[in-house]
Structures are given as structure tokens and as C-alpha cells.
*Asks:* 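One structure, pasted below without further comment.
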Amino acid sequence: MKTKPYILPLLLILLGLSALAVFSLPDFNAQTLPTPRAYLPLVIRTSATRVFIPSTADIPNPERGIYNWPDDFTPSALADYAAQGYTLAYQRENLRDYLHSDLPPEYLEALAARFGAVRQAGLKVILRFTYNEGETYPAPQPDAGLEQVLRHIQQLAPVLEANKDVIAWIEAGFIGAWGEWHTSASGLDTPENKAAIRDALFEHFPQDRFILFRYPKDFTSWYPHPLTEAQAFTQTPQARTGHHNDCFLASEDDEGTYYDPESGENRAEEWKAYISQMTHFVPLSGETCKPNPPRSDCATALRELEMLHWSALNEGWHPGVIQSWKDQGCYEEIRRRLGYRLTLLEATFNPQAQPGSDLRVEVVLQNTGFASPLLERPVYLILAAQAQDGILRYTVDVDPRRWGPGEHSFTATLSLPADLPTGDYRLALWLPDPAETLRDDPRYAIRFANENTWDAAHGWNVLGGVHVSELQIIPGGL
């Protein structure tokens, strides 16, 4: 076979270039040669996303949901009550024996003991003080005079402050029939006396607890513009003002709830719009008081519970309305959605980590409840060793009070200690009660509505596992 005529010149050119390359290399001696590099560890940072399965169960959680009247406030009665799945209890304290006198030490001690029983049962209370139970309504039943009411509020303040950990919120009470701010035999229901009692409640009762008022006419007069997001949770009187509606759906104006006595008008639509705005940030709770179909039927109930962001509802009254919801098929949905219902959608993090490294975690969640969690509550990510003792707790800079209905997400970076023992760890989300007395009690931690995530012993929502190992030198690495 003959060689192509252009092959030989091409080979000569290539040989020349090779020689030039060889002889143009620097003339290194032993002293200038670089020290051989050690192998670099290969760190693989591959995140994985876990998608969670929602639960359809009725998830009991603090400061929300269906509540009732316990048979008594003894430890045994409250234990039986809590065993039925309740987390809230209605506590109405009647002061009829002290219309003309201060509260004796025996009463204040007994009140503190009742709060102790509530704590032992893992409950919180919706609290109201009254002087009568409307026995002669619509005729007035005796209540205390203004000065005596103000004195009682001052006396109660230290007991409430010491036990606020088990108080969800306080209904304003004290005035008139059932403490509902009408029908006062002592004239407490005038605008001037209402304002005096309002101011005393805000001054003396726990500053980080809401006070719920019965009538929109009152709080819309005090605060002409509804609470804004910027004003929320600032502990001003308006930021602490909630609403309790004790005749929900009972008539076109909810038996006077939306009636304006000055104009003689039903202002339901206007005041519902106001309440819908404020209850993004403050509680609305209460009860029905009589069947009123079709307004009290499921369709309207669900629409208004959602629009007005209801947090809690008394199951004990009215039984006819509650039964109608069961018959029509919406009762279980109402139970699930009162207040907040938080569900984990997905979590993204690296299931492999090394001591001294950063672990980035992203969580996506959804709130399908009517409202948000409304009391201040910390959020932690937990890294807990499975084979030995050891728990790392990381504070997440996020406020769950801002988790209104809809989807939310947050990210956090966990800096792992350089001396972190190797092994398998669980990564969990923990939202405990902020009070030191309740923080380590899992009954007061928020449980997400998911399958196979709840650690009932600790009150954790488990996101998944992380394996911690030393950095590995890969043979043949760069």
C-alpha cells in the first residue's frame, strides 16, 4: 500500500511541535517542585425532598376546636373531660356571693387550685367572670356596682397572671346577664361604665392574653378601623380585642349581635367585614343559641365560620343546632377546621451530613383551618440521636401566628457542631408552648395533620432521618 503524499510532511510537523513542547518546559529542580497535594475529601451535598401524607383525622391541638363545660374543675373530672379529646374547657366563674364585698382569700385560693387541675389535665380554658346566669332574663338579675367590679378585677389579676399558661383567652364578662354586657341591674351596660371596665381589664389582666367582647357595636365604636397586620400582636388594647358571638346564626342579626341600637339597623354585613379583618389576628369564639334554618344549616355555617375565622365553638349549646350539623354531614369538618389545622406538605434537606457542616432545611406547610394559631409560640428544628442521648435544638425565625389559611414555607440552616457524634439522627419540627411550665408537656405542642409523623412522647413532628458521618477520602480523588 502506497503512502499518501501529504502524510510524511504532516508527521514531521507533529514531531517538531512535540519536541518544542518538551524542550520549552521550565527546568525545575528538586527544591522548586511543588509538594504533592493530599487527597481532598469529596463532600456530596445532595438534598432530598420528602412528601408527606395528610391525615383526615380530627387532630386535637391547643387553643382551638370544639369545647364544652366540664362537669367540675376537679382533677378527676377534668381528666375524664380531656380523655374525650377536648383541649379547651369553658370556665365560667360566678361571683354572685360577692356583689357587695371583696373576694376572700379562700375564693382566690380555690380559683388557683382549679387552674392547677386544668394544667394537670393538659387543657386550657376560655375564662369568664359573671355575677348571675340570667335567671330572670329579660328582667335584670343583680350584678355588682362599678367600684366593686373594678376592685374584683384588681384582686383577680395576680391569680390570672400566675396561671395564664392555661388561659387561652378571657371573655370580658362581669356586666349583666351571663356577663354578656347587657341587662345590667347596676347600670354597668352604659357606654361610660363599659369603657371603665374595659380599661381595667386591659390594665390588670395578663398583657399577652386576648379579651373577647360580646358586641361589635362596642369595639367598632372604640376602634373605627379594623386591626391591621402591622398592628397585630403588639399588645395594645385593640391588638388584644377579640369577639365572642353567643348567638351564632340564630337570626338575621344573630339575636342582636349585629343590631345597632342607635340607628335601629341590622349592620351585619358591615360588621362581618370588620370582624373578618380583625380575626386574622385575634380569636373569635362562642356558641349557637337556637335553631334557625336555613341560616343555621351547614351551608351558611361553613361559609361564616371560614369568613370570620372562628377559633373555637361551644358544643354544649345549642344542642339542636349541633345535631342538625351532624345530620347534614358538616359537623366533622367543623371539628377539624376550627382554629388552625396545619399539614406538612414537603421537607427538603440533605439526609447525609458531616460534623461541622451546615444542614439546610426547607419546609412547606398548609393551613386548612379557619384561623391561625393566635398565641405566641416558638418554632424549633430538632436533631435527635437515635442510638445515644443527645438532642440539638435550633430556633427557627418564623412566627406561626402569621400562618393564616393557605400555604406557607420557611428555610433554616442548622450549623452542626464539629464534635457531633456520628450516627443516625431524627430531624423534627417542634412547636411547644412558650411557658416554661408547659414547654416539655407534649399535650401542649402543636401536632401537624399528617400520617406517621407524630412523636407523642416528645410532641415532635418528625420530618425524616439524617445520617451523620465523618468526611471520607475518596481514593483516586483530585
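Only this structure's heavy atoms are used, side chains among them; waters, hydrogens and symmetry mates stay out. Note that the structure is a prediction, hence the values are computed from the model and not measured. Index from 1, following the sequence.
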*Asks:* Check the side chains of H243 and N245 for a donor-acceptor pair under 3.5 angstrom, ignoring hydrogens and angles.
*Replies:*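 No, H243 and N245 have no side-chain donor paired with an acceptor closer than 3.5 Å.
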*Asks:* Under the criterion side chain to side chain donor-acceptor pair (under 3.5 Å), I'd like the reasoning laid out for Q366 against T343: C-alpha separation, chi angles, the key distance, then a yes or no.
*Replies:* CA-CA 5 Å; Q366 185 177 34; T343 304; 5.7 Å; no
*Asks:* Verify, without hydrogens or angle tests, whether R64 (side chain) and Y340 (backbone) share a donor-acceptor contact under 3.5 angstrom.
*Replies:*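 Side chain of R64 to backbone of Y340, a donor-acceptor pair under 3.5 Å: yes, one is there.
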*Asks:* At what distance, to the nearest 0.5 angstrom, does CZ of R267 lie from NZ of K272?
*Replies:*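 Nearest 0.5 Å value for the CZ-NZ distance: 14.0 Å.
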*Asks:* Where the side chain of S251 meets the backbone of D254, is there a donor-acceptor pair that is under 3.5 Å apart?
*Replies:*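 Yes, S251 side chain to D254 backbone: donor-acceptor pair under 3.5 Å.
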*Asks:* Once you round to the nearest 0.5 Å, how far does CG of N132 lie from CG of N94?
*Replies:*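 Answer for the CG-CG pair, N132 versus N94, is 7.0 Å.
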*Asks:* Hey, mind stepping through Y223 and M278 against side-chain contact (heavy atoms from CB on, under 4.5 Å) and telling me if it holds?
*Replies:* CA-CA 11 Å; Y223 316 114; M278 67 184 269; over 6 Å; no
*Asks:* Has D71 got more than 12 heavy atoms of other residues, nucleotides or ligands less than 6.0 Å from its CG?
*Replies:*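 Atom CG in D71 is not packed in, count stays at 12 or less.
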*Asks:* Measuring from atom OG of S184 to atom CG of N193, what distance do you get when rounded to the nearest 0.5 angstrom?
*Replies:*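 Separation between the atoms: 8.0 Å.
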*Asks:* Do L305 and E333 come close enough that some side-chain heavy atom pair is under 4.5 Å?
*Replies:*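 Counting from C-beta outward, L305 and E333 never come under 4.5 Å.
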*Asks:* Can you tell me which residue pairs pass the disulfide (SG to SG under 2.5 Å) test with a partner in residues 212-271, sequence neighbours excluded?
*Replies:*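 For residues 212-271: C247-C289.
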*Asks:* Between atom CG of L365 and atom CH2 of W403, what is the distance when rounded to the nearest 0.5 Å?
*Replies:*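 Atom-to-atom, L365:CG and W403:CH2 are 5.0 Å apart.
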*Asks:* Are the side chain of Q277 and the backbone N or O of L227 linked by a donor-acceptor pair below 3.5 Å?
*Replies:*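 Such a contact is found between Q277 side chain and L227 backbone.
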*Asks:* Determine yes or no for a side-chain-to-main-chain donor-acceptor pair under 3.5 angstrom, with R377 supplying the side chain and L431 the backbone.
*Replies:*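 Yes.
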*Asks:* Quick one: CD on Q141 to OG1 on T136, what's the gap to the nearest 0.5 Å?
*Replies:*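 Atom-to-atom, Q141:CD and T136:OG1 are 4.0 Å apart.
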*Asks:* Please state whether the rings of W178 and Y137 are parallel, tilted or perpendicular, taking 30° and 60° as the class boundaries.
*Replies:*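 Aromatic pair W178/Y137 classed tilted.
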*Asks:* Kindly indicate whether the side chain of W69, heavy atoms from C-beta on, has any atom under 4.5 Å from the side chain of W317.
*Replies:*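 Answer no - side chains too far apart.
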*Asks:* Using a 3.5 Å distance criterion without hydrogens, assess whether the side chain of R439 forms a donor-acceptor pair with backbone atoms of P434.
*Replies:*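 Such a contact is found between R439 side chain and P434 backbone.
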*Asks:* Can you measure from CG (L123) to CG (L88) and round to the nearest 0.5 angstrom?
*Replies:*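 If we round to the nearest 0.5 Å, L123:CG and L88:CG are 8.0 Å apart.
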*Asks:* Run the salt bridge (Lys or Arg N to Asp or Glu O under 4.0 Å) test on R214 and D189 for me, step by step, so that the C-alpha distance in whole Å, both residues' side-chain angles and the decisive distance to 0.1 Å come before the verdict.
*Replies:* CA-CA 12 Å; R214 176 69 181 90; D189 49 356; over 6 Å; no
*Asks:* Run the numbers on L127 and F205 for side-chain contact (heavy atoms from CB on, under 4.5 Å), then give the verdict.
*Replies:* CA-CA 12 Å; L127 181 65; F205 281 6; over 6 Å; no
*Asks:* Looking only at non-hydrogen atoms, find the nearest pair between A121 and A79 and report the distance.
*Replies:*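 Reported closest heavy-atom pair: CB-N, 4.2 Å.
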*Asks:* Where do L284 and H309 come nearest, in terms of heavy atoms and distance?
*Replies:*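 That would be CB-O, 4.3 Å.
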*Asks:* State, yes or no, whether a side-chain contact exists between I382 and I391 at a heavy-atom distance under 4.5 Å.
*Replies:*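 Yes, at least one pair of side-chain atoms sits under 4.5 Å.
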*Asks:* Look at the aromatic rings of Y67 and Y90 and report parallel, tilted or perpendicular, splitting at 30° and 60°.
*Replies:*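 Geometry flag for Y90 against Y67: tilted rings.
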*Asks:* Please check: side-chain N/O of E135 versus main-chain N/O of E133, any donor-acceptor pairing under 3.5 Å?
*Replies:*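 Pair found, side chain donor or acceptor close to backbone of E133.
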*Asks:* For the ring pair F210 and W169, is the centre-to-centre distance below 6.0 Å?
*Replies:*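 So the answer is no for these two rings.
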*Asks:* More than 12 heavy atoms of other residues, nucleotides or ligands under 6.0 Å from CD of E436: yes or no?
*Replies:*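 At most 12 heavy atoms, drawn from other residues, nucleotides or ligands, come within 6.0 Å of this atom.
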*Asks:* Could you go through Q231 and T228, starting from their C-alpha distance and side-chain angles, then the distance that decides it, and tell me whether this counts as side chain to side chain donor-acceptor pair (under 3.5 Å)?
*Replies:* CA-CA 5 Å; Q231 295 169 320; T228 66; 3.2 Å; yes
*Asks:* Just say parallel, tilted or perpendicular for the rings of F202 and F213, cut-offs at 30° and 60°.
*Replies:*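 Aromatic pair F202/F213 classed tilted.
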*Asks:* Of all heavy-atom pairs between P400 and S372, which one has the smallest distance, and what is that distance?
*Replies:*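 That would be O-CB, 4.4 Å.
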*Asks:* Do the side chain of S276 and the main chain of A273 share a donor and acceptor less than 3.5 angstrom apart?
*Replies:*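 Absent.
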*Asks:* I'd like to check the side chain to side chain contact (heavy atoms under 4.5 Å, CB included) partners of P104; sequence neighbours left out, ordered by chain and number.
*Replies:*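 P104: side chain to side chain contact (heavy atoms under 4.5 Å, CB included) contacts with Y98, E106, Y107.
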*Asks:* Not counting sequence neighbours, list each pair that qualifies as a side-chain hydrogen bond (donor to acceptor under 3.5 Å, both in side chains) and has a residue in residues 198-207.
*Replies:*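 Those involving residues 198-207 are Q207-R240.
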*Asks:* Using every non-hydrogen atom in the two residues, find where P138 and T183 come nearest and quote the distance to one decimal.
*Replies:*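 What the structure gives for the nearest pair is O-CG2, 3.4 Å.
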*Asks:* Main chain of E229, side chain of R402: is a donor-acceptor contact present, judged purely on distance under 3.5 Å?
*Replies:*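 At least one qualifying donor-acceptor pair exists.
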*Asks:* If we count only N and O atoms by modelled type, under 3.5 Å, do the side chains of R119 and N163 hold a donor and an acceptor together?
*Replies:*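 The answer is yes; a qualifying pair exists.
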*Asks:* Please examine the side chains of H458 and R426, heavy atoms only from C-beta on, and report whether any two atoms are closer than 4.5 Å.
*Replies:*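 Of all side-chain heavy-atom pairs linking H458 with R426, at least one is under 4.5 Å.
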*Asks:* Would you kindly say whether N266 and E252 are connected by a side-chain donor-acceptor distance under 3.5 Å?
*Replies:*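 Looking only at side-chain atoms, E252 and N266 do not form any donor-acceptor pair under 3.5 Å.
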*Asks:* Should L374 and S311 be marked as a side-chain contact (heavy atoms from CB on, under 4.5 Å) after you check the CA-CA gap, both sets of side-chain angles, and the distance that decides it?
*Replies:* CA-CA 9 Å; L374 291 172; S311 287; 3.6 Å; yes
*Asks:* Should the pair K217-E262 be classified as a salt bridge under the 4.0 Å nitrogen-to-oxygen rule?
*Replies:*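 Yes, charged N to carboxylate O under 4.0 Å.
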*Asks:* Apply the test side chain to side chain donor-acceptor pair (under 3.5 Å) to residues Q148 and D102: give CA-CA distance (whole Å), side-chain angles for both, the deciding distance (0.1 Å), then the verdict.
*Replies:* CA-CA 7 Å; Q148 192 64 70; D102 285 357; 3.2 Å; yes
*Asks:* Between the side chains of N450 and N461, is a donor N or O closer than 3.5 angstrom to an acceptor N or O?
*Replies:*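 Per modelled atom types, N450 and N461 side chains form no pair under 3.5 Å.
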*Asks:* State whether D433 and K124 are salt-bridged, where the test is any N-O pair (Lys NZ or Arg NE/NH1/NH2 against Asp/Glu carboxylate O) under 4.0 Å.
*Replies:*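 Salt bridge: yes.
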*Asks:* Just by distance, no angles: are the side chains of R96 and T130 close enough, under 3.5 Å, to form a donor-acceptor pair?
*Replies:*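 Not at all, the side chains of R96 and T130 share no donor-acceptor pair under 3.5 Å.
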*Asks:* Looking at every heavy atom in both A428 and W460, which two are closest together, and how far apart are they?
*Replies:*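 Heavy atoms only, the tightest pair is CB-CB, 3.8 Å.
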*Asks:* Are the side chain of N292 and the backbone N or O of L249 linked by a donor-acceptor pair below 3.5 Å?
*Replies:*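 Present.
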*Asks:* Donor-acceptor check, side chain of E171 to backbone of S285, threshold 3.5 angstrom: yes or no?
*Replies:*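 Such a contact is absent between E171 side chain and S285 backbone.
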*Asks:* For E161 and K164, what are the C-alpha separation, side-chain angles and deciding distance, and is it a salt bridge (Lys or Arg N to Asp or Glu O under 4.0 Å)?
*Replies:* CA-CA 5 Å; E161 181 66 30; K164 66 182 181 180; 3.0 Å; yes
*Asks:* Testing L146, D143, L201 one by one against F174 for a side chain to side chain contact (heavy atoms under 4.5 Å, CB included), which residue passes?
*Replies:*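 Of L146, D143, L201, side chain to side chain contact (heavy atoms under 4.5 Å, CB included) with F174 is met by L201 alone.
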*Asks:* Do R337 and E306 have side chains that get closer than 4.5 Å, going by heavy atoms?
*Replies:*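 They are in side-chain contact.
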*Asks:* Just so I know, are the side chains of V149 and Y131 near enough to count as touching, which here means a heavy-atom distance under 4.5 Å?
*Replies:*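 Touching, per the 4.5 Å side-chain cut-off.
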*Asks:* Between F129 and H152, is the ring centre distance below 6.0 Å?
*Replies:*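 Here the rings of H152 and F129 have centres that are no less than 6.0 Å from each other.
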*Asks:* Side chains of L342 and I446: closer than 4.5 Å at any heavy-atom pair?
*Replies:*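 L342 reaches I446 side chain to side chain.
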*Asks:* In the structure I gave you, are the side-chain heavy atoms of L429 and V361 within less than 4.5 Å of one another anywhere?
*Replies:*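 The answer is no, as the side chains (C-beta and beyond) never meet within the 4.5 Å cut-off.
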*Asks:* Kindly give the heavy-atom pair with the smallest separation between C298 and G329, and that separation in Å.
*Replies:*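 In this case the closest contact between C298 and G329 is SG-N, 4.5 Å.
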